[in-house]
Amino acid sequence: MALLSPSIGEATTGMAASSSISGSSAISACAAMAFFYVAILYSPTLIFRLPPPTSLESFLIRRFVCAIVSSIVSVIATSILLGLGRLEEVSQILGVFGVRGDHLLKAVVIPLLLTSLLYAGSLVFKLWLLIDSWRGDCRVSSCRRVGSYERVGIYAQKCIAWISSRACDVMAWRNYVVAPFTEELVFRACMIPLLLCGGFKTYNIIFFSPVFFSLAHLNHFLELRYWQGYDLWKAFLIVGLQLGYTVAFGWYASFLFTRTGNVMSPIVAHVFCNVMGLPVLSASRTRGLATIAFAAGFVGFFWLLFPATTPDIYNYRKDGCSCWHGYCYWE
């Protein structure tokens, strides 16, 4: 049973089963999108014959443009395959891709808090480091007789400096903006509606669609092996770890997208995971607190996973449609 916003549900109630595409066509389209998302990254030098980038910044900016172009092409291709031109309002078309304004705050905050439970150990560890730093600053400031107001000003300056450094860091833009938004748009917002309309069951899509997401990272093996000179075993080990992580995250991101019907849910989870890195399981400096926090957060995550993503929280009403976005109807 799917969950719809009123505008989409009312606009699509009369659509017939023939509006859905075949399963083979959906899979082919997803495979083509995954291939294009990677292949276009190499187009500036291989196809357009542009000179090699002279800096990391210029290299990544080229890739930013390529990723954005790939996302736009994927959205257009998905719209054509699903026949979205028949929908009259832009909001209805955007709704198919999970770009929705209703329940947006819930779609951002709840998945973010849920994801943070997996990083309870990391958060405890970072908090411990912050307290240690604060104690060290207090000892220094007491020696220098720095007042509390001046101390607050010092921390504010540090915070502003940190934000400014990240705003000017091209790698931060890659990890926290371009990659999460373009990848979730292509691999979740485009592929999942195609697979749903192709007649695949939701749980099959959640577990198997991340294969496209992980395969799109295989190019890292070639870059590590031939461009950065890593030996075969080390490159294989690094990419294998990346593939395992991307598959696991793909399951979670696909789950969030199908449960909430809002693309911002997997995007905020993606950004948060990129900020935090791999979860901290234990840390000697915290005297076991990180391990306890990780275990408690892990249990809490799975305990709240389904209640916190109950589709009723993120949608106005239920309908008999077989897709969460309310576009395609089939028997």
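Start at 1 with the first residue, then count along the sequence.
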Specify whether Tyr245 and Phe249 have parallel, tilted or perpendicular ring planes, treating 30° as the upper limit for parallel and 60° as the lower limit for perpendicular.
-> parallel
Which class fits the ring pair Phe187 and Tyr37: parallel under 30°, tilted 30 to 60°, perpendicular over 60°?
-> perpendicular
Give a yes or no on whether the ring-centroid distance for [X] and [Y] is below 6.0 angstrom.
X: Phe200; Y: Phe208; value: no
X: Tyr203; Y: Phe207; value: no
X: Phe255; Y: Phe306; value: yes
X: Tyr252; Y: Phe301; value: yes

Go through the steps to decide whether Lys126 and Tyr119 satisfy the test side-chain contact (heavy atoms from CB on, under 4.5 Å), and finish with yes or no.
-> CA-CA 10 Å; Lys126 290 180 182 296; Tyr119 289 89; over 6 Å; no
Over all heavy atoms of both residues, which pair between [X] and [Y] is shortest? Give the atoms and the distance, please.
X: Leu114; Y: Thr309; result: CD2-CG2, 4.0 Å
X: Cys190; Y: Met33; result: CB-SD, 4.0 Å
X: Tyr314; Y: Ala308; result: OH-O, 2.6 Å
X: Ala29; Y: Leu81; result: CB-CD1, 3.6 Å
X: Pro279; Y: Leu118; result: CB-O, 3.7 Å
X: Arg62; Y: Pro53; result: NH1-CD, 3.6 Å

With a 4.5 Å heavy-atom cut-off, do [X] and [Y] have their side chains touching?
X: Phe213; Y: Met191; result: no
X: Ser209; Y: Leu195; result: yes
X: Asn274; Y: Pro180; result: yes
X: Val247; Y: Val211; result: no

Would you tell me whether Ser28 and Ser25 have side-chain atoms, one donor and one acceptor, within less than 3.5 Å of each other?
-> no
Could you go through the side-chain contact (heavy atoms from CB on, under 4.5 Å) check for Met171 and Leu56 one step at a time?
-> CA-CA 9 Å; Met171 287 298 295; Leu56 176 63; 4.2 Å; yes
